[in-house]
Amino acid sequence: MKQKEKLAALIADALDSASQAGLISLADKPAVSIEVPRDTNHGDFASNIAMVLAKPLKMAPRQIAQHIVEYLTEDSMIEKVEIAGPGFLNFYLRLDWLHRVLAAIEEQGVTYGNSTSGQGERVLLEFVSANPVGPMNVVNARAAAIGDSLTRIMEAAGFVVASEYYVNDAGNQTQIFARSLEARLLQIEDPSATFPDDGYPGDYVTDLAVRLHSEHPEVVAMASAERQEFCRSWGIDQMVAAQKEDLRSFNVEFDVWFREHRLHQTGALGEVMSILDNKGLLYESEGALWFRSQAFGDDKDRVIRKSDGAYTYVTADIAYHYDKLKRGFTKLIDLLGPDHHGYIGRMRAAVQALGYPADTLEVLILQYVSLLRDGQQVKMSKRAGEFITLQDVVDEVGRDAARFFFLMRSMESHLDFDLTLASEQSSENPVFYVQYAHARICSILKQAEDVGARVLPVKDVDLSLLQHTSEAAVLRKLAELPEEIAAAAEYREPHRVARYALDLAGLFHAFYTHCHVLGEAEDLKHARLALVNSVGLVLRRVLTLLGVSAPESM
RNA sequence: GCGCCUGUAGCUCAGGGGAUAGAGCAUCGGACUUCUAAUCCGAGUGCCGCAGGUUCGAUUCCUGCCAGGCGCGCCA
């Protein structure tokens, strides 16, 4: 944000001058922070620098502030400066700094809000990665919404991000899945065929079996081992395809779908094991091979190869993360469910053991979702194969509402998701509040066009006519977008963007009721059209970052 | 026992060291002969879980405790 930097520089200069004049004795240059006050009565920007310096300078904050103001060089941007409260410096800017925001938006278009704060760092963001042996649940849905938006937001903030889905298609559970599918297949011809005790009970397995039976009738007659392998391979492919489809309908697409079995095929597990072994980080005990992960801060050492000779999932995960690192990513972000928090220590250890800094791996844990319907918690039983899936949620409340609800809250909050509220097409639903603002804007612009009132280039518009407080409030909000996106990216907090969308929509609605556009005098009309047009563009921008549609009419 | 998350208005949640702690919903009262009332304007509401500590200043950072959710496998 240019204004902030400029004000910080002005203050730093003033401190220098005051120091040279002998009024204060400054050892080294302090970091000057500028913030936007919560209360607009406190100016456009404020600094707490005088309070921060009170201690080192052994001087009253307000006195320091007084010296700063005395030595502050005149700047055309500043209307006035006040010393307030315990020693805040409140800056009131001339209104035209806000008007310049519209020029910036016009110039940058859909890239307005972008920044370079990510400095082109190459990030791999892995999320969802649900097992391909069952439908995705609501936590997967939450992860999908958050991961996808975070990808978009970080890209806007100058990171180079690849999104990736890790398919666990090599584990134990794929065998259980294969046997379940096989049993359902055999039951079609022989209802008395047995179903495994630990099999997956869901209807989706039966549905798959019916399809398998009609598409590949020859499978039933295969030898058992061959038949089971067919069920495994075909079934997993179908599940992955279905997951892709479900996610696409949720407006989530991944750059890469990474199959675990590839790691096994290419010998990647053996490769990481020899790396660890060469560093003396493996040892045998009780017939198993262990990774000395405690040496890197993990709670306990981890089994790498079981006593029966099979690898554990950890081994594949280490190989997977090594693969990511070898692809040149300097930051690996794993977005995981709360049941995986114990996994952080061992993967951090692995990354370090492989010779990379511990903070190369960043694990984001999102918390559970409680589904409510009519205020009552929805009961689910995974064992009985009865639970609400990602697709159920999308079907019931719609893609936009579902995404917005997941994105409104910070990921570490235990989310109460009220299906009744989210599916209501009413004022109670926040997603409509934002979309409605956009629809109103489109309506104005369309009617303006109908009467031949075009949105003019801002250089041809007298923006100084935008004097109303509701106009200034909207402009202020528009000006905040770049740092809002940068902060959401830096802290990995997409909910900031959802909040921003709600704030901007609210300020626009207020403007809408207080200020008319069409039917005003020509100059004012064009000034307001420029404002309205910019808000529309920014709303579209933030809704896109959230993966929510921006309807032109509602 | 160890670990992760949470505790802020009646409810759902913001608030990443600052000024009088905010928003939506719910409640109550207003505003459509002019661009969409899915909107706006106004009103009340708080030992910020408890107790210490750091700081000029703590809802925010640290420690302990209490309460709730979840996890701690040679499963993935």
A.B. asks: Which part of the nucleic acid, if any, lies within reach of A:Glu493 when heavy atoms closer than 4.0 Å are counted: base, sugar-phosphate only, or nothing?
C.D. replies: base
A.B. asks: In whole angstrom, give me the gap between the P atoms of B:A19 and B:A38.
C.D. replies: 37 Å
A.B. asks: Using the six-membered ring of A:Phe159, assess whether NZ or CZ of A:Arg492 lies under 6.0 Å from its centre and within 45 degrees of the ring axis.
C.D. replies: yes
A.B. asks: When you match A:Gln447 and A:Asn48 each to their closest nucleotide on RNA chain B, which lands nearer the 5' end?
C.D. replies: A:Asn48
A.B. asks: Check this one for me: any side-chain N or O of A:Ser410 less than 4.0 Å away from OP1 or OP2 of B:A14?
C.D. replies: yes
A.B. asks: Is A:Cys442 touching bases, backbone alone, or none of the nucleic acid, heavy atoms closer than 4.0 Å?
C.D. replies: nothing
A.B. asks: Expressed in angstrom and rounded to an integer, what is the separation of A:His261 atom NE2 from B:A76 atom P?
C.D. replies: 17 Å
A.B. asks: Can you tell whether the side chains of A:Asp169 and A:Arg259 come within less than 4.0 Å, N to carboxylate O?
C.D. replies: yes
A.B. asks: Between B:C4 and B:A26, how far apart are the two P atoms, rounded to whole Å?
C.D. replies: 39 Å
A.B. asks: In whole Å, measure the gap between the P atoms of B:C28 and B:C70 for me.
C.D. replies: 37 Å
A.B. asks: Which part of the nucleic acid, if any, lies within contact of A:Ala84, taking any heavy atom under 4.0 Å across all strands shown: a base, the sugar-phosphate backbone alone, or nothing?
C.D. replies: base
A.B. asks: Do A:Tyr311 and A:His264 make the cut of ring centroids closer than 6.0 angstrom?
C.D. replies: no
A.B. asks: Would you verify whether the NZ or CZ of A:Arg496 falls within 45 degrees of the ring axis of A:Tyr491 while also being under 6.0 Å from that six-membered ring's centre?
C.D. replies: no
A.B. asks: With nearest nucleotides of RNA chain B determined for A:Ala54 and A:Ser553 from heavy-atom distances, which residue corresponds to the more 5′ nucleotide?
C.D. replies: A:Ser553
A.B. asks: Contact class for A:Tyr368 vs. all strands (heavy atom < 4.0 Å): base, sugar-phosphate, or nothing?
C.D. replies: sugar-phosphate
A.B. asks: Report yes if a donor N or O on one partner sits less than 3.5 Å from an acceptor N or O on the other, where the partners are the side chain of A:Asn90 and the base of B:A19; otherwise report no.
C.D. replies: yes
A.B. asks: Using a heavy-atom cut-off of 4.0 Å across all strands, would you classify A:Leu289 as base, sugar-phosphate, or nothing?
C.D. replies: nothing
A.B. asks: Taking the P atom of each, how far is B:G49 from B:C13, in whole Å?
C.D. replies: 15 Å
A.B. asks: Compare the minimum distances between each of B:U39, B:A76, B:G18 and the side chain of A:Glu260, then state the nucleotide with the smallest one.
C.D. replies: B:A76
A.B. asks: Whole-Å distance between B:C13 P and A:Leu421 CG?
C.D. replies: 12 Å
A.B. asks: When only distance counts, do a donor and an acceptor, one from the side chain of A:Ser443 and one from the base of B:C35, lie under 3.5 Å apart?
C.D. replies: no
A.B. asks: With P as the reference atom in both, quote the distance from B:A37 to B:C41 in angstrom, rounded to an integer.
C.D. replies: 14 Å
A.B. asks: Just checking A:Val133: base, sugar-phosphate only, or nothing, at a heavy-atom cut-off of under 4.0 Å?
C.D. replies: nothing
A.B. asks: What contact category does A:His516 fall into here, base, sugar-phosphate, or nothing, at under 4.0 angstrom with non-hydrogen atoms?
C.D. replies: base
A.B. asks: Please state the C1' separation for the pair B:C61 and B:G18 - nearest whole angstrom.
C.D. replies: 14 Å
A.B. asks: What distance, rounded to whole Å, do you find between the two P atoms, one in B:U8 and one in B:A14?
C.D. replies: 11 Å
A.B. asks: With a 4.0 Å cut-off on heavy atoms, is A:Ser413 in touch with a base, just the backbone sugar-phosphate, or nothing at all?
C.D. replies: sugar-phosphate
A.B. asks: Does the B:A76 base have a donor-acceptor partner in the side chain of A:Tyr313 within less than 3.5 Å?
C.D. replies: yes
A.B. asks: Closest approach to the side chain of A:Val303, judged atom by atom: which nucleotide of B:G71, B:U39, B:C74 is it?
C.D. replies: B:C74
A.B. asks: What nucleic acid atoms does A:Ala46 come within less than 4.0 Å of, heavy atoms only: base, sugar-phosphate, or nothing?
C.D. replies: base
A.B. asks: Report the distance from atom CD of A:Glu412 to atom C1' of B:A14, rounded to the nearest whole Å.
C.D. replies: 12 Å
A.B. asks: Pick one for B:C48: is it syn, with its angle within 90° of 0, or anti?
C.D. replies: anti
A.B. asks: Looking for any heavy atom pair under 4.0 Å, which part of the strands does A:Ala439 touch: base, sugar-phosphate only, or nothing?
C.D. replies: base
A.B. asks: Between A:Arg499 and A:Asp503 (salt bridge meaning N to carboxylate O under 4.0 Å), is one present in this structure?
C.D. replies: no
A.B. asks: Give one of base, sugar-phosphate or nothing for A:His495, where a contact means two heavy atoms less than 4.0 Å apart.
C.D. replies: sugar-phosphate
A.B. asks: Take atom CD1 of A:Ile49 and atom C1' of B:G17, then tell me their distance rounded to the nearest Å.
C.D. replies: 14 Å
A.B. asks: How many Å lie between CG on A:Leu372 and C1' on B:C13, as a whole number?
C.D. replies: 14 Å
A.B. asks: B:C41, B:A37, B:U55: which one has an atom nearest the side-chain heavy atoms of A:Lys55?
C.D. replies: B:U55
A.B. asks: Verify the ring-centre separation between A:His509 and A:Tyr436: is it less than 6.0 angstrom?
C.D. replies: yes
A.B. asks: Look at all strands and tell whether A:Lys300 reaches a base, only sugar-phosphate, or nothing, counting heavy atoms closer than 4.0 Å.
C.D. replies: sugar-phosphate
A.B. asks: P atom, B:A67 versus B:G73: distance in rounded Å?
C.D. replies: 25 Å
A.B. asks: A:Arg38 has an atom CZ; how far is it from atom P of B:A23, in whole Å?
C.D. replies: 10 Å
A.B. asks: Taking only side-chain N and O atoms of A:Arg496, does any of them lie within less than 4.0 angstrom of OP1 or OP2 on B:G15?
C.D. replies: no
A.B. asks: I need the CZ-P distance between A:Phe432 and B:A37, as an integer number of Å.
C.D. replies: 17 Å
A.B. asks: Are A:Phe291 and A:Tyr283 close enough that their ring centers fall under 6.0 Å?
C.D. replies: no
A.B. asks: Check whether the ring centres of A:Phe254 and A:Tyr165 lie less than 6.0 Å apart, and answer yes or no.
C.D. replies: yes
A.B. asks: Nearest of B:C40, B:G3, B:U12 to any side-chain atom of A:Arg409?
C.D. replies: B:U12
A.B. asks: Establish whether the base of B:C5 is bridged to the side chain of A:His414 by a donor-acceptor pair shorter than 3.5 Å.
C.D. replies: yes
